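Here's the structure we're looking at; comments come further down.
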Amino acid sequence: MTVPTRRIGGAELDVIVADITTLGVDAIVNAANTSLLGGGGVDGAIHRAAGPDLVAECRMLHGCKTGDAKITKGYRLKAAHVIHAVGPVWNGGTRGEDDLLASCYRRSMELCGKHGLTSVAFPAISTGIFRFPADRAADIAVRTTIEGLSAAPSLARVVFCCFSEPSARLHAEAIEQHSGPCA
Ligand code: AR6
């Protein structure tokens, strides 16, 4: 699937299907849990690829609340940094899940701005082990990231790094919906 790049302000938005641990961007975002000490899914893959120094730095952060994000170095990854964002577990949608998911994208964008990062890649946070509906999550991810560009003027590239074609299609549709027609 080829998705045309969209430009919003000074940033381009891309959707790709890839293993996020292979990307040479300033920061990859991790779909972490509140302990920040690793787990399965993309979290496990990032810790394996980064090596043991990552969990050592994470230990010093003393966890992270759901809806928040914290930044570390990338160690053996190509990415210089990892932004550990904690998405909500899906519980039917009545426990603030939408707001918590939006919050972790917003906090990640704020960290990109604070650290002057020029490129960032997001996985589809909460849509795996945490069971958040993929279409609803893609809409929140794209909308909140576009809103967050104003907090991160240094960003020239935002990548939605999906792990399947259907996930990529959902993100591409959301970009189309929230960014207007292709220029
Ligand atoms: N690259 C890109 N995307 C990936 C990769 C990868 N290497 N591996 C999985 N995905 P998940 P969650 C996709 O389960 O739902 C962990 O145990 C995956 O297909 O990794 O937020 C944490 O420690 C899905 O679309 O994260 C937490 O306890 C998306 O990444 C919990 O899982 C997120 O799936 C977090 O669950």
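As the structure is a computational prediction, the values presented were derived from the model and not from experiment. As the structure lists them, so they are numbered: ligands from 1, and atoms in each ligand from 1. Atom set for the values below is all heavy atoms of this structure, side chains included, hydrogens, waters and symmetry mates excluded.
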Closest approach of any protein heavy atom to [atom], naming residue and atom:
| atom | answer |
| --- | --- |
| atom 29 (C) of ligand 1 | A124 O, 3.2 Å |
| atom 15 (O) of ligand 1 | G128 N, 2.8 Å |
| atom 21 (O) of ligand 1 | S126 N, 2.8 Å |
| atom 20 (O) of ligand 1 | V42 N, 2.8 Å |
| atom 1 (N) of ligand 1 | I20 N, 3.0 Å |
| atom 24 (C) of ligand 1 | T127 OG1, 3.4 Å |

Taking [X] for the side chain and [Y] for the main chain, is one N or O donor matched with an acceptor at less than 3.5 Å?
| X | Y | result |
| --- | --- | --- |
| K114 | A151 | no |
| D68 | V86 | no |
| E97 | N91 | yes |

For a quick check under 3.5 Å, do [X] and [Y] share a side-chain donor-acceptor pair by atom type?
| X | Y | value |
| --- | --- | --- |
| T72 | H81 | no |
| Y75 | E57 | yes |
| D139 | H178 | yes |
| S179 | R6 | yes |

Heavy-atom distance to [atom]: which of [options] wins?
| atom | options | value |
| --- | --- | --- |
| atom 13 (C) of ligand 1 | F132, W90, F163 | F163 |
| atom 11 (P) of ligand 1 | I28, I129, I125 | I129 |
| atom 7 (N) of ligand 1 | V17, T34, D19 | D19 |

Could you tell me which atoms of ligand 1, counted from 1 in the order shown, lie closer than 4.0 angstrom to a heavy atom of [X]?
| X | answer |
| --- | --- |
| G39 | 17 (O), 23 (O) |
| G40 | 16 (C), 17 (O) |
| N33 | 22 (C), 23 (O), 27 (C), 28 (O) |
| D43 | 22 (C), 23 (O) |
| A31 | 21 (O), 22 (C), 26 (O), 35 (C) |
| G41 | 20 (O) |

Do [X] and [Y] have side chains that approach each other closer than 4.5 Å (heavy atoms only, starting at C-beta)?
| X | Y | result |
| --- | --- | --- |
| P52 | R76 | yes |
| I146 | Y105 | no |
| T145 | F122 | yes |

Could you tell me the separation between the CD1 atom of I16 and the SG atom of C161, rounded to the nearest 0.5 Å?
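I16 CD1 to C161 SG: 4.5 Å, rounded to 0.5 Å.
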With L37, which of V55, D43, L61 fulfils side chain to side chain contact (heavy atoms under 4.5 Å, CB included)?
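In the set V55, D43, L61, the residue that makes a side chain to side chain contact (heavy atoms under 4.5 Å, CB included) with L37 is V55.
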So, regarding A45 and ligand 1 (criterion: nitrogen or oxygen to nitrogen or oxygen, under 3.5 Å), is there a contact or not?
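A45 vs ligand 1: no N/O contact under 3.5 Å.
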Could you tell me whether ligand 1 has any atom less than 4.0 Å away from a heavy atom of [X]?
| X | answer |
| --- | --- |
| S167 | no |
| T21 | no |
| A18 | yes |

